[in-house]
Amino acid sequence: METTTEIRDGGGEGDESGRYYPFQSIEKKWQQRWAEQGVYRTTEGGDRPKYYVLTMFPYPSGSGLHVGHLRNYVPGDAVARLMHMRGFNTLHPMGWDAFGQPAEQDAIKRNVNPSQVVPVLAKEYKRQLSILGVSYDWDREINSTDPDYYRWNQWAFLLLHKRGLAYRKFAPVNWCVNENTVLANEEVNDGKCWRCDGPVVKKDLPQWLFKITDYGDKLLEGLDRIDWPEGIKTQQREWIGRSEGCEFDIAIEGDKGAVRVFTTRVDTVFGMAFVVLSPEHAVVDAITSDEQRAEVTAYRERAARMSEIDRTAEGRERTGVFTGAYAVNPVNKHRVPVYVADYVLAGYGTGAIMAVPAHDERDFDFARRYDLPTPVVIARDEQEALDPPRGETLEAAFTSKDGFTVNSGDFSNLPCKVAANRIAEWMESEGVGVRKVNFRLRDWLVSRQRYWGTPIPIVHCEKCGIVPVPEDQLPVVLPDVENYKPGPDGRSPLAAIPEFVNTTCPTCGGPAQRETDTMAGSVDSSWYFLRFASPRETSAPWDRAAADYWMPVDLYLGGREHAVGHLLYARFFTKVFHDAGLIDADEPARTLRNQGMLLGYTAVDADSSDKHPILPGDLVDFDLDAWTRRFEQEGPFPAERVARPQGEPERREPVRVEFQWLKMSKSKGNSVTPDAMAQKYGADALRLYVLFAAPFEDTIQWSEDAMNGPFRFLNRVWDVVT
RNA sequence: GCCGAAGUGGUGGAAUGGUAGACACGCGCGCCUCAAAAGCGUGUGGGGCAACCCGUGCGGGUUCGAGUCCCGCCUUCGGCACCA
């Protein structure tokens, strides 16, 4: 593996040997000419059919671009040029997704205001992309932190509010302990923060949410009409998680009202052995008996303190406590105990279930642990239905939906599906319950208690309550501040700025306070593809004719990691705009493709539990070529690292080094800049390499050796031509 | 556990059901050179002197013909995971 960065072309013409074609001067000349002539400038209309190629707009990070980023931009550019040459009127725009926490964290780390950093970084990205000859229509450049852009975020917020799709509630939210902020469900992985891997706990705060759950069916249905990778569509389907079932009331003994439960297996209702409420369920207090109160309270407190990670930990014992209350099964009037257990989730369905241990694995575990009965109501087949097994002898729950009902009164000896229908009908006619479709999808939490985002255009008035800022008063401008770091109390830094907070109510003119939450960055990216149609429009978020001309995006390129975040939100926004009659398209992108990752060979600490990368700069006498060869021969080997403990002089300490292929990033010390490669081999060789090394969707292991092929090819082309 | 994608030379990877391994990297040989680098030419799946035989993760099947289609496994990568 070559690591030198000698320059192969010092400018071309001056090179006596003439062995390499003068790529630097050629590339510079044409890039200049293209820019001068504005060949990429795009206008709407004309006879040619339109084609809209979009690569996901990046957050310009302080680390700059590395060759991994080219996996996306270079193929996007190649397609744009191809379609242009094929006679399509091609739109290929670029912009900066510069609001949000990555930008803010970056700024905090460098101790500067994000508003000062963003323009510098955007300029640097633009420079790097230009070196590579990527053909954007820079006249359409947008920046999400520009008031001319984010005022339309506020407009969109108000539109959703008007349509009943934006609401505020006091809600348990995912709270990242490290970063002192809330996270969307999509930002929590394994109970840990997506960015810092810190623990996430539940915390109650007033929050703004978008009612994406109203669009569950539309979001599902639209998937059948778009050419997106199966994996992405599947992930979205599962994330939306539609399930059909029944909701019904179970009376609590002693005139204590009723608990509503949701089930997808109403055919098993005769097998209900107990009822379980989630620890957060509102009626727990009211129904708990005096004898059980202490135990129930203790259990609920423990559950509240537990982080998501502990609560969902694999192989965890299913625990719960008896409330002392009894419920009455509406179909057979059996009396069953009511429990509180944390395996029932507050946020799904009604937060309460009928437990049918003979036919549900979780209920079965719970029943065995607490010695509860497991009455059998489903038999494997008609044969078994004649002599069904007894509950006590069961070794596991029988969960198939293809069985036959038994011990189910008038509904016995029916195939499960038939029984489910008849029982549902019976419940509806008796007024006990209704058929219900439930979604796993939760509403989209857009509040952020952060500085670097779009201010939510709402005013809180003592008299009038929640008042939307009138559209003609937009934008609500994000003020310049001294201190933009998040406070430990969970409130936005904006709350500490009286000039921002104190205002008058747009309705009654009385004193009022501005909302201090800002919007999640994912709001900005949920409609930017529409803004590109008419980026300088000042009277509306987009010019209707231009947007209808370009939309939908014909080819959208970006990473798989956006499967259920950005890509779902963008679809939601598009559908809302469509329903509001503001745009013809009801899907943002006809075709979506996900680029593969680019991996770099990375030195890691062989003895650390997570095989932590070590920056080459910290390794004494690091030599990538020699070291990787050595590793391949003998495996992990000893070396020395420079340690810089805080407040102490730096020192050398021994480490064992091994190498792993990890996603390229500056922080892992395995990244290669396009600048260096373009200087050494030329932008065209680099572009050819990126296109040629592997199919677009495959992972590539970066190796500079492979740059030789495209480079030689271009030299031969040059020889033939000259 | 469930879902998705993928397994082809030393390597990256090509192949509408029709000559498997295009193209490229690497490597071998040759030319050029005092020599090297670069370049050019040529060879390169395995076995065999050869004719030929064997080869696309494994085991079956469909077909005149299978890397490709079907059934059953194995492995790798990615995602989801108490959703009642």
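Here is how names work: the chains are called A, B, and so on, in the same order as the sequence lines, proteins then strands, and each is numbered from 1. A quick note: this is a predicted structure, and the numbers were derived from the prediction, not measured.
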Phosphate contact (B/rG79 OP1 or OP2) by A/R560 side-chain N/O below 4.0 Å: no

Rounded to the Å, how far apart are A/L599 CG and B/rC77 P? 12 Å

Could you tell me how far B/rA6 sits from B/rA15 if I compare only their P atoms? Round to whole Å. 13 Å

Contact letters for nucleotides 3-13 of chain B, in which S counts primed atoms plus P, OP1 and OP2 and B counts the base, heavy atoms under 4.0 Å: SS-------BS

Starting from the 5' end of RNA chain B, give me the residue, A/D363 or A/M597, whose nearest nucleotide shows up first. A/M597

Could you tell me the separation between the CG atom of A/D365 and the P atom of B/rG1, rounded to a whole number of Å? 16 Å

Measure CD/A/Q595 against C1'/B/rG78 and give the value in whole Å, please. 14 Å

Can you check the A/N594 CG to B/rG79 C1' distance for me, whole Å? 12 Å

Can you confirm whether the side chains of A/Q660 and A/Y601 place a donor and an acceptor under 3.5 Å from each other? no

Quick check on the 6.0 Å ring-centre criterion: do A/F274 and A/F366 meet it? yes

Could you tell me whether the side chain of A/D360 and the main chain of A/A355 form a donor-acceptor pair under 3.5 Å? no

C1' atom, B/rG9 versus B/rG4: distance in rounded Å? 29 Å

